[in-house]
K.L.:
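Here it is, the structure, as C-alpha cells.
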2 protein chains.
Amino acid sequence: MATIKDVARAAGVSPSTVSRVIAGSDRISLKTKERVRRAMERLDYVPNAIARSLARSHTRTVGFTLARRADQAFSNPFFSEVLRGMSSVAQKRDYNILLSISMDEREERDKCLQLLRERRVDGLIVSTSRIEDPLIEALVDEEVAFVVIGRSASRPVLSVNNDNIQASYQAAMHLLKQGYRQIAFISGPSELVVSEDRLKGYQQALMDSGIPVSKDHIASVEFSEEEGFQALSRMREQGIPFDAVLAADDLFALGALRFAQEYRISIPDELGIIGFNDTPLMTYTHPPLSSVRILSYELGVEAMELLIDVLEHPEKRRNSKEIVLPSQLEVRRSTSR
Amino acid sequence: MATIKDVARAAGVSPSTVSRVIAGSDRISLKTKERVRRAMERLDYVPNAIARSLARSHTRTVGFTLARRADQAFSNPFFSEVLRGMSSVAQKRDYNILLSISMDEREERDKCLQLLRERRVDGLIVSTSRIEDPLIEALVDEEVAFVVIGRSASRPVLSVNNDNIQASYQAAMHLLKQGYRQIAFISGPSELVVSEDRLKGYQQALMDSGIPVSKDHIASVEFSEEEGFQALSRMREQGIPFDAVLAADDLFALGALRFAQEYRISIPDELGIIGFNDTPLMTYTHPPLSSVRILSYELGVEAMELLIDVLEHPEKRRNSKEIVLPSQLEVRRSTSR
DNA sequence: CTGTTAGCGCATTCAA
DNA sequence: TTGAATGCGCTAACAG
C-alpha cells in the first residue's frame, strides 16, 4: 500500500506538496499538480484515513447508538429507515457511521461516552429521549456535538422530531369526526417524551371538543402487542366503556385488533382503531388499520444534516434547534364507518 | 483531554511505561503499575483510539455494507436483526461497526473498497451474493478479510448462510403432505444465489415425490408484493392450474394472499400459501401465513464471530468455511387444511 | 509556489 | 523493569 512519501518520491516533490494537492490547495502550479495526480494514479494511492484523522484531529465519522431489546427490537422498520436516511447524507457528504446497538440504556450511555473519549467519532446521533435523560445530560455537560432524534424535555439541544402532539391531536379529531365518543388511549412508558407528547395531543383534542378526559380511558404500558391487548381487556373487565382506541404505537393497535376479534366486537362499527408509525403491516390486517405515518427516513436525513452542519461550523454548537417534521394520517377501514 | 504524556508526567514515568500498563504487559513492577493506574484514573485518561490504530495499523472496526432501495428496503426486519446480532458480539469483543447503506451494488462495491483502502476497517461483512458477484471477486483478489452473509457461488470464501435448499425442500414437502399437488414457485431475481438455492429445494422436493417440474409453475420477479401478485395473475390468465404457492419471500406470499382475495379463492382449501423469512406480519394476515423462519440474529452473530476470528488469526484467512444455520417452518392456517 | 520542520498520540524496538 | 529513540502516515506552520 503506497504512502504519501511514495507518491512524493515518484512525483519528485515533497510530501507536503502531495498533501496540498490532496487537499485541493490552489497555490500550487498546475504542472506539479498534474504530475502528482499521475503519480497517485500510477501507485493506486489512497490517503490513509486514520493518519489523516490523527493529524487533523477529527474522524469524519459520527456515532449512532440505540438500545433495543430482543423482543421489541426492530419489529417496526422505524430505525432501519432512519438509518437509511442518515446513511444517504453521510454518503453524500463523505462521512461515516459507527453503529452500536445496546441491550439497555445504561450500556448505551457507556458506549456513547466511550466512542467520544476514544475520539472514534466527531459527534453523535442518539434516539433515546426520556423525560429525565441522563445520556443527554452527560452529553451537554461534556459539550459534545450531538443531535437527538426525538425531543429533549430537560435541556435545550439540537433535535429532529416529528410533530407528535399535533399528530395525536389530529388522530383523535379524526376519531371524533367519525362519531366515536369514548376514546381509549394506550400509551407507551410514561417516562418517554414521546409518550408525554402523544398523550398531550389526545387530551387537547378531547378538551377542544368539550369531552371530559378520564383517567380510566388512559393506559400506559410497555411496547408490545400483548400489553396493548391486556390494557383493553382490563378496561373492559372494569366496565369502562369505549368505542375507539387511539394507540400510541402500531403494536398496541394490533393488540386492540386481537381484543376486538376475541370479544367479537366489530371494527369499525363498534370499535374504531388507529395506531402510530404506519408499519407496512397495517395494510394487511383485517380490516386494515388506520395509522399515523412518520417520516422516518427524513428524520434520519435531517438529523445527519444538522449534525454535520454543527460539526463543520463549531460556532453553531451552542445553539439549540428543534426541527419538527410533519406526519400524516393514513385513514383505513378500521376507522371508516 | 489527557494524553499518554500527561499520565506519564503525573506518574513520574516515561510514556512507554504507561503504554505498557495499558497493554497489560507483565514485565512491569506492581508498584509502578499501580502508580500509573492511579494517574490514569485521576486524569480521567482514555487512550486515543485513532492514535492506537495508526501505531498498531489496525482499527478494531469492521464494515458492514448493504445495498437497498427505498421500496424493498427494510420492509422486513431481516437486516435489522442481523445488525443486532453483529453488534452484540462486536460489543463483547470490543470491536466497532461501520455501517454503510448504498443505493445499488455499484455504489456498495465502491464503498467497500474505499473503506478498505482508506484503512478505516480491518475487515468486511457483506450480504450481497449474486451468482457472479464482482464485489466478492474484488475482495478475494485484494485478499481482504471478509465474510459473506449468504453463499458465494463463484469463489470459496468465509460465509454464514441459512440452509435455503433444505428449507425450501421442506416447505414444498409440507405442501405436498397437505395434499397440494400443483405448486407454483415465485422466485426472486435469478441472479441471486438465494433464488437459485430456494428453487433447487423446490425442484428436488417435486422430483423426490414423483411430480414433474414444470417451467410454467415457476416465476422469477423482483422482490415486491405487487410482483408476486402479478406473477400469479399471469399464470391464471395463461390457464395454468395451481393449488399452492411456495413464495421465496414473504412479500410474494402477501401478493399471493391478495391474489386469492381478489379472485375469491379460499385459503387454505383451494390455495395453500407459504412464504420465506417469517416477518412479524405473517401472523396478522387473514388467514395467518405459513413461512420459513430464518435465524437472522444468529446469522449476524456467526458472521461477526467468524470475521473477528480471522482478523485475530491471520493464518486462517486462506481457509474457506461455510457455516450453515437451520431454519424452521412455521406452519399456520394458510397451509393447514 | 514549494520544501523543511515539527507535531498528532501511541506502540515498539533497542539499550541500559 | 524501565527509558530513549523511532516510526505509523499525514497535516500545518513557517520559511524561503
K.L.:
Is any side-chain nitrogen or oxygen of A:Ser19 closer than 4.0 Å to OP1 or OP2 of D:dT11?
P.N.:
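Checking D:dT11 against A:Ser19, a side-chain N or O does come within under 4.0 Å of OP1 or OP2.
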K.L.:
Looking at A:Thr17, I'd like to know whether one of its side-chain N or O atoms comes within less than 4.0 Å of OP1 or OP2 on C:dG3.
P.N.:
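Checking A:Thr17 against C:dG3: at least one side-chain N or O falls below 4.0 Å of OP1 or OP2.
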K.L.:
Given atom CG of A:Asp122 and atom P of C:dC8, what is their separation to the nearest angstrom?
P.N.:
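After rounding, the gap between these two atoms is 18 Å.
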K.L.:
Tell me which nucleotide among D:dT1, C:dT2, D:dT11 gets nearest to the side chain of B:Arg27.
P.N.:
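Nucleotide nearest to B:Arg27's side chain: D:dT1.
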K.L.:
Round to a whole Å and report the spacing from CD1 of B:Ile22 to P of C:dT12.
P.N.:
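Whole-Å distance recorded here is 11 Å.
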K.L.:
A:Lys31 NZ to C:dC1 C1': how many Å, rounded?
P.N.:
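For the pair A:Lys31 NZ and C:dC1 C1', the rounded distance is 12 Å.
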K.L.:
Could you check whether B:Val13 gets within reach of a base, just the sugar-phosphate, or nothing at all, counting any heavy atom under 4.0 Å?
P.N.:
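Sugar-phosphate: the residue B:Val13, judged by heavy atoms under 4.0 Å, touches backbone atoms but no base.
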K.L.:
When all nucleic acid strands are considered with a 4.0 Å heavy-atom cut-off, which category describes A:Arg56: base, sugar-phosphate, or nothing?
P.N.:
sugar-phosphate
K.L.:
Below 4.0 angstrom, N of the basic side chain to O of the carboxylate: do B:Glu142 and B:Arg117 qualify?
P.N.:
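So B:Glu142 pairs with B:Arg117 through a salt bridge.
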K.L.:
Flag the pair B:Arg38 and B:Glu34 as a salt bridge only when some basic side-chain nitrogen lies within less than 4.0 angstrom of an acidic carboxylate oxygen.
P.N.:
yes
K.L.:
Ignoring hydrogens and angles, answer whether the base of D:dA4 and the side-chain atoms of B:Ser16 contain a donor-acceptor pair closer than 3.5 Å.
P.N.:
yes
K.L.:
Between B:Glu312 and B:Arg60, does any NZ, NE, NH1 or NH2 come within less than 4.0 Å of an OD or OE carboxylate oxygen?
P.N.:
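Yes, this pair counts.
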K.L.:
On DNA chain D, compare the nucleotides closest to A:Val18 and B:Ala51; which residue's is nearer the 5' end?
P.N.:
B:Ala51
K.L.:
Is the shortest side-chain heavy-atom distance between B:Ile4 and B:Ile22 below 4.5 Å?
P.N.:
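A side-chain contact under 4.5 Å exists here.
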K.L.:
Tell me whether the side-chain N/O atoms of A:Ser29 come closer than 4.0 Å to OP1 or OP2 in C:dT2.
P.N.:
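So the side chain of A:Ser29 is within the cut-off, an N or O lying under 4.0 Å from OP1 or OP2 of C:dT2.
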K.L.:
Round to the nearest Å and state the distance from B:Glu118 atom CD to D:dC8 atom P.
P.N.:
20 Å
K.L.:
Distance check needed: C:dC1 P versus A:Lys33 NZ, whole Å only.
P.N.:
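Distance, rounded to whole Å: 9 Å.
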K.L.:
Measure from CZ on B:Arg9 to P on C:dG9 and round the result to the nearest Å.
P.N.:
12 Å
K.L.:
Check whether any side-chain nitrogen or oxygen of A:Thr3 sits under 4.0 Å from OP1 or OP2 of D:dG9, and answer yes or no.
P.N.:
no
K.L.:
Answer yes or no: is there an ion pair linking B:Glu108 with B:Lys111, defined by an N-O contact shorter than 4.0 Å?
P.N.:
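The answer is no: the pair does not qualify as a salt bridge.
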K.L.:
Which residue lies toward the 5' end of DNA chain D, A:Arg52 or B:Thr32, if each is placed at its nearest nucleotide?
P.N.:
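Closest to the 5' end, via its nearest nucleotide, is B:Thr32.
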K.L.:
In whole angstroms, how far is the P atom of C:dA11 from the CG atom of B:Asn48?
P.N.:
10 Å
K.L.:
Look at the side chain of B:Arg35 and the base of D:dT2, then say whether one donor and one acceptor between them are separated by less than 3.5 Å.
P.N.:
no
K.L.:
Checking all strands, does B:Ile28 fall into the base, sugar-phosphate, or nothing category for heavy-atom contacts under 4.0 angstrom?
P.N.:
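Contact class for B:Ile28: sugar-phosphate only.
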K.L.:
Check the distance between D:dG3's C1' and B:Ile4's CD1 and give it to me in whole angstrom.
P.N.:
13 Å
K.L.:
Under 4.0 Å, heavy atoms only, any strand: does B:Pro15 hit a base, just the sugar-phosphate, or nothing?
P.N.:
nothing
K.L.:
Looking only at the side chain of B:Ala55 (C-beta and beyond, no hydrogens), which of the listed nucleotides D:dC10, D:dG7, D:dG3 gets closest?
P.N.:
D:dG7
K.L.:
Want to settle it: does B:Arg20 or B:Ala49 sit nearer the 5' end of DNA chain C, counting the closest nucleotide to each?
P.N.:
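Mapping each residue to its closest nucleotide by heavy atoms, the 5'-most match is B:Ala49.
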K.L.:
What I want to find out is whether A:Arg93 reaches A:Glu305 closely enough, with some N-O distance under 4.0 Å, to be called a salt bridge.
P.N.:
no
K.L.:
If you assign each of B:Ala23 and B:Leu54 to its closest nucleotide in DNA chain C, which residue comes earlier from the 5' end?
P.N.:
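Nearest nucleotide further toward 5': that of B:Leu54.
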